[in-house]
Amino acid sequence: MLHAQTDGTLKGYVTDPSGKERMVGATIFDITDITKGVVTDVYGNYELHLSAGKHTVVCSVLSMLSDTVAVNVDSGLVTAHNFVMRSESMQMQTLVVSAGRYEQKLQDITVSMDVLKPSLIENKNSTNLSQVLDEAPGLNILDGQPQIRGGSGFDFGIGSRVAILIDGLPALPGDGGRIDWNFFPIENVEQIEIIKGASSVTNGSSALSGSINIRTAYPVDTPYTSVSAYSGLYDSPPISGSKWWSGPANFSGTSFLHSEKIGQLDLVLGGMVLYDHGYIGPPAYMPSLGAINGAPISSNSMAEKTGRFNFGLRYHPKKIPGMNFGLDGNFVESSSVLSLIWSNDSSGLYRAYPSTVILQTQKTFYLDPFITYLSPGGFENSFRARYYYINNVVTFNPSNTTSMAYAEYQCIKKFYELGGLNVTAGLVMNETFSHADSLDYLGVLLQASNNRLQNYAGYAQVDKKFWKVLNISVGFRDENFIIDNGKTISHPIFRGGMNLKLAQATFLRGSFGQGYRFPSLTEKYLTSQFSTLSIFANPNLQPETSWNAEFGIKQGFKIGGFMGFLDVAAFWQEYQNTIEITYGDWAKYMNQYGTWSYSTGFEYLNTGPTRVRGIDASIEGEGKISKDLKVDVLGGYTYTVPQALNPTLIYATDSAQNKLSYQSTSSNTTNNILKYRFQNIAKIDIELKYKKYSLGGDWVYYSYMQNIDEVFYTLSSLASYGIVQYREQHNTGINVFDARIGKDLSRRLKAAFVVNNALNLSYSLRPLKIEPPRTFALRMTWKV
């Protein structure tokens, strides 16, 4: 490139705080003209051509404090300056990748996002990911199923509208079955990023209501090892006569993590084992049910046992600067229990009803090969793949096997000659193969099916900051699905957003995004029978779509030594072809008397247009109240109005010619509120630390669930479980409190005592399923 004779050159390199490691991808630019900027090469070197005279030059690296220097450039000469970057520890500088697939500061993104740190996992004695996510504002887990801002109800945990990812790769079961929360390696979490609102452009089909991205950590310069062990007990339930166990109902577990750099190799090893006696007892035999009682289930069979091992390998070849490649893996074997219905609404609250218990043994693993390369021209190329395998053996020995092959190529380039324009583009291939044997409660084979789902997609997103204060983001994705080698279904989706910095710590944002979700294989083809809760296949189930618009403001604040963010957003999301599970007479057959009978149960159906509007507020902060007193705060409040837009629409007619609509299937149609939604959720978690001691607690409030399936009220076989009486007696909101106390026994060893459901409240979130009574746990954590 030719430069005018009046130009001079600023030249040098950029290092980390130690001065030993060069910084690749650092940005150096003239503060008065951002178009005059360069990026350090794979050796950490830069060369910036400037006009002769005085200049103020900035060196910027995400997660580091910017370094600014005043230089005098002479015509035709080279001026040398080396930058040394320093770490930035302020909470105000949290970095995220989920919004645009590249690192951005949290306050700069155009969508609503909450970030959970690993300290919360340790403080709460969380044994699986769902327990951590329940702390996030605007998100709750309903019997294993994630709900963001009321965007979904309860569908037996099948067909999530929230995408779950591990390091940006899909981690939901390939067939759309229930999520195993013990599968996620929480001992090695760098942070958890939760997008609230449709994010299908960047995260694919399942992200209709939002996404959860678990980012795992890689080694830093110093080797790190941690080992945690815990043990605890379930307290006696507060309902008289409902305790079914004798002796202690205990749970215990241990986890470990080791990470270090060995020459050019990054190594991470982790794992955990756990045992949980459980608080739901086996069904008691009921002579009146006869064969429906099914095979007897022992108390020991109701316990949960899980073992997990995970690893990460990443190699940086010396001869190819800017490249790294490696392999991540995660292996889990578990035995667990899913209880669908309590025995009754009094002494049987903590026991299961006969033939409504699923005992499951599961073997799961994924392997993730990857390679990334930052070219001398500044193109960041990555190829990542995942092979994900699940084998389930459940009650009466049916087998469900799913394998998923996923591959993604992505390229990111920042064009400084175009004012810092950032372009992200990628191609995705995802194929799922599923084999399922569906059995009835007697173990008789109902159906065997083999299915294949193919998904091919391309996406692109452009981000640019104007005048140093306005960030504009525009993205596009084209989804293509083929099921069982049939017709290709294609659907384009779009998103756009803006973020305006109004003041030093005030950020105004607005966004619009479309969502698209193709039905899972389980929703389309599952056939199962559990006592009175049969589930029928619906091969004609259609995809559901959505759009989401929101307007929000994020305000940073500092009160003494305490710093944080207050975020408030108003949102509006509409769905078409909403998929919900609906009760009806779905199978018609000739009985022994020569007349027609109907087999009743649930089926996944498209139920028409729906809408969710509301307000979401959150607060997150940390800091020092005094010299020795530190505080961490995470809290939020979400108000939603989830409604059926066409409540009289007849979306299906069952085999008995019953016409099904929102009105005919709902227990309470006031204001057309959708089923299985909490309209008000408030939560806050506070941790105080004084010298070696810590004291913390959290509070969660759920408003009364207004609407459930009408069939629970009208069908005698379902009403006999006591759901009507229970809801009449528990028709107000729910307040749940947890508490904890800890002490640093030494620089490396910490002890914590945790009490969950501290008031020992007997409460139900999902109808016919009771939540755990009070628990006590002691946790020891050792770190090196």
Side-chain angles (χ1 to χ4, degrees), residues 89 91 115-135 181-192 214-234 250-260 267-276 304-312 330 332 622 628-634 685-698 738-756 758 775-784:
S89 59
Q91 184 264 347
V115 177
L116 304 181
K117 297 294 186 178
S119 58
L120 185 63
I121 299 173
E122 182 178 320
N123 294 340
K124 286 280 296 177
N125 188 39
S126 303
T127 59
N128 66 51
L129 185 66
S130 67
Q131 298 166 355
V132 186
L133 295 176
D134 255 337
E135 299 296 312
W181 293 105
N182 287 325
F183 177 66
F184 301 92
I186 62 171
E187 64 275 359
N188 185 32
V189 170
E190 181 178 30
Q191 65 186 32
I192 301 171
I214 300 101
R215 294 177 59 186
T216 59
Y218 264 96
V220 293
D221 291 336
T222 304
Y224 173 81
T225 300
S226 71
V227 178
S228 294
Y230 67 89
S231 185
L233 297 170
Y234 288 99
N250 64 303
F251 53 90
S252 60
T254 186
S255 64
F256 76 94
L257 173 68
H258 177 74
S259 66
E260 68 172 308
L267 172 67
V268 177
L269 298 173
M272 72 88 173
V273 292
L274 70 81
Y275 167 84
D276 190 339
E304 178 183 358
K305 307 176 187 72
T306 301
R308 183 182 65 242
F309 173 74
N310 56 85
F311 69 90
N330 191 16
V332 181
E622 62 181 22
D628 297 315
L629 182 61
K630 184 178 180 294
V631 61
D632 291 286
V633 177
L634 174 65
D685 184 279
I686 299 176
E687 175 92 357
L688 297 171
K689 184 160 188 180
Y690 179 75
K691 294 184 178 179
K692 295 182 179 181
Y693 297 89
S694 62
L695 178 66
D698 61 76
D738 301 332
R740 57 188 183 267
I741 187 170
K743 183 183 179 182
D744 295 331
L745 302 178
S746 68
R747 184 173 61 88
R748 296 178 178 177
L749 184 63
K750 177 181 179 179
F753 183 68
V754 182
V755 182
N756 289 328
T775 62
F776 306 94
L778 177 65
R779 182 185 183 100
M780 304 291 291
T781 303
W782 178 74
K783 296 181 180 180
V784 180

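Remember, it's a predicted structure, so these values are computed and weren't measured experimentally.
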One should read off an interatomic distance between Asp632 CG and Lys117 NZ, to the nearest 0.5 angstrom, of 11.5 Å

* Residue pair Phe183, Thr306: steps toward the side chain to side chain contact (heavy atoms under 4.5 Å, CB included) verdict -> CA-CA 9 Å; Phe183 177 66; Thr306 301; over 6 Å; no

- Query: Is the number of heavy atoms from other residues, nucleotides or ligands within 6.0 Å of OH (Tyr690) greater than 12?
  - Reply: no

Quick one, Asp744 with Lys689, criterion salt bridge (Lys or Arg N to Asp or Glu O under 4.0 Å). Give me CA distance, side-chain angles, the key distance, then yes/no.
CA-CA 10 Å; Asp744 295 331; Lys689 184 160 188 180; 2.9 Å; yes

For Ile192 and Leu129: C-alpha separation, side-chain torsions, deciding distance, then whether side chain to side chain contact (heavy atoms under 4.5 Å, CB included) applies. CA-CA 10 Å; Ile192 301 171; Leu129 185 66; 3.5 Å; yes

Value for OG1 (Thr225) from CG (Leu257), rounded to nearest 0.5 Å, stands at 7.5 Å

query = Is Arg308 reaching over with its side chain to a backbone N or O of Asn182, donor-acceptor style, under 3.5 angstrom?
reply = yes

*Check the pair Ile121, Val189 against side chain to side chain contact (heavy atoms under 4.5 Å, CB included), reporting the backbone distance first and the verdict last.*
CA-CA 9 Å; Ile121 299 173; Val189 170; 4.0 Å; yes

CG of Asp698 to CG of Asp738, rounded to nearest 0.5 Å, is 4.0 Å

Review point. Would a distance-only check, ignoring hydrogens and angles, find a side-chain to backbone donor-acceptor pair under 3.5 Å from Thr254 to Ser228?
Key: yes

By salt bridge (Lys or Arg N to Asp or Glu O under 4.0 Å), Lys305 pairs with (sequence neighbours left out) none

All heavy atoms of Val268 vs all of Pro219, minimum pair found to be CG2-CD, 3.8 Å

Between the CD atom in Glu187 and the OG atom in Ser226, the distance rounded to the nearest 0.5 Å is 8.0 Å

Requested in this report: Could you label the plane-to-plane angle of the Tyr234 and Phe251 rings as parallel, tilted or perpendicular, counting under 30° as parallel and over 60° as perpendicular?
Outcome: perpendicular

Minimal heavy-atom distance between Leu116 and Leu120, with the atoms involved, is CD2-CD2, 4.2 Å

Does the pair Ser231 and Leu778 meet the rule for a side chain to side chain contact (heavy atoms under 4.5 Å, CB included), with working shown? CA-CA 6 Å; Ser231 185; Leu778 177 65; 5.9 Å; no

query = Is any side-chain heavy atom of Tyr230 less than 4.5 Å from a side-chain heavy atom of Val754?
reply = no

Side chain to side chain contact (heavy atoms under 4.5 Å, CB included) filter on Leu745, not counting sequence neighbours, yields Lys743, Leu749, Ala751, Met780

Interatomic distance, CD@Glu622 vs CD@Glu687, rounded to 0.5 Å, equals 12.0 Å

Closest non-hydrogen atoms of Asn330 and Pro185, given as atom of the first, atom of the second and distance, are ND2-CD, 4.0 Å

Taken to the nearest 0.5 Å, the spacing of Arg740 CZ from Asp685 CG works out to 4.0 Å

*Tyr693 atom OH: more than 12 heavy-atom contacts under 6.0 Å*: no

Minimal heavy-atom distance between Leu269 and Phe309, with the atoms involved, is CD2-CZ, 4.0 Å

